Amino acid sequence: QLPLVESGGGLVQPGGSLRLSCASSGGTFDYYAIGWFRQAPGKEREGVACISSRGGSINYADSVKGRFTISRDNAKSTVYLQMNSLKPEDTAVYYCAGDYTCYKDYKLFGSWGQGTQVTVSS
């Protein structure tokens, strides 16, 4: 288990930007792929982006390509999600999760943070 803590959520107007952070105090952070997921009320959790342990492999959901950027700083044990051109449909609780690879099925990720709320509204 890798302890993970998200931060950076909040209320933003459509077209605005936010940067989420996913930090860990675990000593093996750089062995883990980290994914960002989101869950809107009444909807199933969905994958947003994922980055491999050393950052060499990145993938995005089609709905966020060109707007969101995932990156990591292993020296700081932190993964970031830069979200630009936000839309109301991006409103959700955002979670980060870690495991040894970027599984397509979120249920396979073993370590999860508590989530951070992102609300896009005017």
Side-chain angles (χ1 to χ4, degrees):
Q1 289 284 327
L2 183 70
L4 297 170
V5 178
E6 302 95 336
S7 61
L11 173 64
V12 63
Q13 292 187 341
S17 298
L18 281 175
R19 189 177 80 156
L20 305 183
S21 298
C22 172
S24 177
S25 57
T28 57
F29 181 80
D30 56 352
Y31 292 165
Y32 283 75
I34 301 293
W36 282 100
F37 301 83
R38 64 187 182 187
Q39 189 164 18
K43 294 188 176 181
E44 189 171 358
R45 193 168 297 189
E46 63 174 356
V48 174
C50 195
I51 187 167
S52 61
S53 60
R54 300 301 174 93
S57 177
I58 289 174
N59 56 72
Y60 296 98
D62 288 343
S63 58
V64 306
K65 280 181 182 176
R67 299 189 298 123
F68 290 11
T69 302
I70 189 171
S71 61
R72 67 189 297 156
D73 184 343
N74 283 345
K76 296 182 179 180
S77 296
T78 303
V79 167
Y80 304 98
L81 185 69
Q82 178 67 43
M83 306 186 296
N84 299 327
S85 302
L86 282 161
K87 305 175 181 180
E89 51 263 44
D90 294 318
T91 295
V93 178
Y94 283 70
Y95 300 88
C96 64
D99 216 296
Y100 291 108
T101 191
C102 284
Y103 297 113
K104 290 186 178 181
D105 183 351
Y106 72 89
K107 298 184 183 71
L108 296 177
F109 279 80
S111 300
W112 288 85
Q114 82 290 349
T116 185
Q117 176 71 47
V118 171
T119 302
V120 185
S121 175
S122 54

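Computed from a predicted model, the values in this text were never measured in an experiment. Worth knowing before you read on, the calculation uses all heavy atoms, side chains too, and leaves out hydrogens, waters and symmetry mates.
- Taking every heavy atom of both residues into account, L18 and L86 meet most closely at N-CD1, 3.9 Å.
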(request) Given side-chain contact (heavy atoms from CB on, under 4.5 Å), test F109 with C50 step by step and report yes or no. (result) CA-CA 11 Å; F109 279 80; C50 195; 4.1 Å; yes

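- For V64 against V48, the heavy-atom pair with the smallest separation is CG2-O, 3.5 Å.
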(message) Between E44 and K107, is the salt bridge (Lys or Arg N to Asp or Glu O under 4.0 Å) condition met? List the steps.
(response) CA-CA 11 Å; E44 189 171 358; K107 298 184 183 71; 3.5 Å; yes

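- Note: the hydrophobic cluster containing V79 also contains F68 (ILVMFWY, side chain heavy atoms under 4.5 Å, direct or indirect links).
- Across all non-hydrogen atoms, the minimal contact from Y60 to A49 is CD2-CB, 3.6 Å.
- Between L2 and T28 the shortest side-chain heavy-atom distance falls below 4.5 Å.
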(request) Could you go through the side-chain contact (heavy atoms from CB on, under 4.5 Å) check for N59 and C102 one step at a time? (result) CA-CA 9 Å; N59 56 72; C102 284; 4.1 Å; yes

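- With rounding to the nearest 0.5 Å, the separation of OH in Y95 from CH2 in W36 is 12.0 Å.
- Both L20 and I70 are assigned to one and the same hydrophobic cluster, defined by single-linkage of ILVMFWY side chains at heavy-atom distances under 4.5 Å.
- Hydrophobic clustering keeps Y103 apart from I34 (ILVMFWY residues linked when any side-chain heavy atoms are closer than 4.5 Å, directly or through intermediates).
- Because its NZ or CZ atom is both nearer than 6.0 Å to the ring centre of Y80 and within 45° of the ring axis, R19 counts as a cation-pi partner of that residue.
- Looking at Y32 and S53, their side chains never come closer than 4.5 Å, going by heavy atoms from C-beta outward.
- The shortest distance between side-chain heavy atoms of V118 and V93 does not fall below 4.5 Å.
- What you find for A92 and A40 is that their closest heavy atoms are CB-N, 3.8 Å.
- Contact of the D99 side chain with the L108 side chain is not registered, since no non-hydrogen atoms from C-beta on lie closer than 4.5 Å.
- Of the N and O atoms on the side chains of S17 and N84, at least one donor lies less than 3.5 Å from an acceptor on the other residue.
- Note that the CG atom of D30 and the CG atom of D73 stand 11.0 Å from one another [nearest 0.5 Å].
- With a 6.0 Å radius and a threshold of 12 heavy atoms from other residues, nucleotides or ligands, Q114 has its CD atom above the threshold.
- At a cut-off of 3.5 Å, with distance as the only test, a side-chain donor of R38 or Y94 sits close to an acceptor on the other residue.
- Ion pair K65/D62 flagged as a salt bridge, since at least one NZ, NE, NH1 or NH2 atom sits closer than 4.0 Å to an Asp/Glu carboxylate oxygen.
- Of the possible donor and acceptor atoms, one in the side chain of S24 sits under 3.5 Å from a partner among the backbone N and O of P3.
- For the pair R67 and D90, the salt-bridge criterion is met [side-chain N within less than 4.0 Å of a carboxylate O].
- Considering OG of S77 and CZ of R72, their distance stands at 9.0 Å, rounded to 0.5 Å.
- When all heavy atoms are compared, the tightest approach of E6 to T116 is CB-CG2, 3.9 Å.
- The shortest distance between side-chain heavy atoms of W112 and L4 does not fall below 4.5 Å.
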(message) Show, in sequence, the C-alpha distance, side-chain angles and deciding distance for T91 and Q117, and conclude whether the side-chain contact (heavy atoms from CB on, under 4.5 Å) test is met.
(response) CA-CA 8 Å; T91 295; Q117 176 71 47; 4.0 Å; yes

(request) Report the C-alpha distance between Y31 and N74 in whole Å, list the side-chain angles of each, state the deciding distance to 0.1 Å, and finish with yes or no for side-chain contact (heavy atoms from CB on, under 4.5 Å). (result) CA-CA 9 Å; Y31 292 165; N74 283 345; over 6 Å; no

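- Nearest heavy-atom pair, S121 versus P14, reported as atom, atom and distance to 0.1 Å: C-CD, 3.6 Å.
- Cluster annotation: Y106 is not connected to Y100 through the hydrophobic network of ILVMFWY side chains, with a link wherever side-chain heavy atoms come within less than 4.5 Å.
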